Amino acid sequence: MNTNISTKIDIEKIVNSRISEVDFENLVFGSTFTDHMFECDFVDGEWQTPKIRPYQALMLEPSAKVFHYGQAVFEGMKAYKDDDGRVWLFRPEQNQKRINISAKRMAIPEFPEEYFMDGLITLMKMDHEWIKPGEGNSLYIRPFVMATEPGVVASRSNNYKFMIICSPVKPYYKGEVRVEIAQKYSRAADGGVGFAKAAGNYGAQFYPTKLAIEKGYQQVIWTDSNTHQYLEEAGTMNVFFRVNDTLLTAPTSDRILDGVTRKSLIQLAQDMGISVEVRPVAVKEILEASNNGTLKEIFGAGTAAVISPIVSFAYDEKEYDLPRLENSYAQQLKKRVTDIQYNRSEDPYGWRVEVKL
Ligand code: COI
């Protein structure tokens, strides 16, 4: 990928960095932000000259449409630093393409590819000291677009703001993840926005997830909205099931996010000789597999958590424990993918993109 900058970006640098105030060993996921942010406004029918300026609060009218109609989409991606101090992005073109797929579904104008890439690379170069080397450390990058036009008429906005903000992070989940399989609520429906990273898609999960947390689970495994008989996603992640030695995961659809980690893991698993079946996965078959001892693993896969092994699930008020395996597929795949991300192994598909400092 060409990482030379051709876009004109107006840059205002911080006077004093906040980096010395940050305790990088005790980060709470997504709550500390780097010195700079990228932004670009869509007004008069076109994207204006992008800017990078010190991270700060925004000034928006209370009637801005994003607050009323949730017209907003986002992405999640990460940058990694290897032991030689080189900085790497993982498949950034996938996020660039996907934010425009999400935007289209939400009637938001597409953001130009070169603005996205040039803004991202410039921001990485400016804030690279916030990326710490070492397993589990990374910079979580959050591109997003929101409707900024004032006025509460329920129609698509004429004005938007595209931004990229960055947060140094440690692993997403600490401790064991227990989940509940959804039997009432749904994350997405046919013809809806489940495939998009639309903000409201995530907001709508908070209430059912709160109910699950009150019962002692960390996340919900979402089932199809029509029948609740097929397993689709886990929390904010795609989900994989290992029955005997086969990995199962649901196909992408209107309801399921085309996850970058998901598709990378499918490829890596196949390369490792693991049989992968991408097909609807029935609740019934997973309950049966658990009862007859062939269900070996369940794990979530996403950018934030990478791979998140699930230790137990609940269905119909009954708990099902997963076995604790040595050398699980989750561990093997996590090693494979993070070795590529941290520049510790070959990168057979050219997924890694270096940010030349
Ligand atoms: C991801 O893991 O890709 C996410 O989008 C998680 C985010 C909602 C925190």
Side-chain angles (χ1 to χ4, degrees), residues 27-34 66 70 72-80 89-103 105-106 116 120 136-146 163-175 177 179 182 187-188 192-210 212-213 218-222 232-240 249-250 252 255-268 298-310 330 333-334 337-338 340-341 351:
L27 294 165
V28 175
F29 189 95
S31 59
T32 300
F33 292 91
T34 63
V66 64
V73 298
F74 72 93
E75 267 305 318
M77 50 201 303
K78 278 182 176 169
Y80 306 85
L89 294 163
F90 184 69
R91 308 186 76 177
E93 74 293 344
Q94 295 289 325
N95 303 91
Q96 182 277 320
K97 287 193 177 78
R98 195 172 60 185
I99 200 165
N100 282 337
I101 292 171
S102 302
R105 177 62 182 81
M106 294 298 289
F116 183 103
L120 176 66
N137 294 324
S138 61
L139 189 73
Y140 185 75
I141 304 166
R142 172 53 63 88
F144 62 106
V145 201
M146 62 185 151
M163 301 195 70
I164 306 177
I165 56 175
C166 303
S167 174
V169 294
K170 290 275 190 194
Y172 194 73
Y173 287 109
K174 291 198 181 80
V177 180
V179 298
R187 176 190 168 276
V193 295
F195 67 93
K197 280 186 96 74
N201 225 355
Y202 293 74
Q205 296 187 25
F206 295 161
Y207 178 67
T209 306
K210 170 178 172 280
I213 291 170
Q218 279 76 44
Q219 280 298 349
V220 175
I221 292 196
W222 302 105
E232 302 211 315
E233 290 203 16
T236 60
M237 294 176 285
N238 295 112
V239 64
F240 287 80
T249 194
T252 53
R255 303 186 304 265
I256 297 183
L257 185 83
D258 183 12
V260 180
T261 310
R262 173 190 177 278
K263 62 180 143 200
S264 305
L265 295 183
I266 292 172
Q267 183 67 59
L268 294 174
I298 305 179
F299 55 88
T303 298
V306 191
I307 287 183
S308 179
I310 288 165
L333 285 166
K334 185 168 182 181
V337 74
T338 54
I340 295 175
Q341 290 167 334
W351 288 340

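The model shown is predicted, which means the values in this text are computed figures rather than measured ones. Start at 1 and go down the list; that is how both ligands and their atoms are numbered. Positions are given from 1 along the sequence. Worth knowing before you read on, the calculation uses all heavy atoms, side chains too, and leaves out hydrogens, waters and symmetry mates.
- The distance between the ring centers of F29 and Y140 falls below 6.0 angstrom.
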Per-pair distances, ligand 1 N/O vs protein N/O, less than 3.5 Å:
| residue | atom | partner | partner atom | Å |
| --- | --- | --- | --- | --- |
| ligand 1 | 2 (O) | T303 | N | 3.1 |
| ligand 1 | 2 (O) | A304 | N | 2.8 |
| ligand 1 | 3 (O) | T303 | N | 3.3 |
| ligand 1 | 5 (O) | K197 | NZ | 2.6 |

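- When side chains are defined from C-beta on, Y172 does not count as touching V306, because their heavy atoms never get closer than 4.5 Å.
- Side-chain N or O atoms of S308 include none that pairs as donor or acceptor with a backbone N or O of A305 at under 3.5 Å.
- Proximity of a side-chain donor or acceptor of S167 to a complementary backbone N or O of T32 within less than 3.5 Å is detected.
- Taking 4.5 Å as the limit, some side-chain heavy atom of I165 sits within range of a side-chain heavy atom of F144.
- Ion pair R187/E232 not flagged as a salt bridge, since none of the NZ, NE, NH1 or NH2 atoms sits closer than 4.0 Å to an Asp/Glu carboxylate oxygen.
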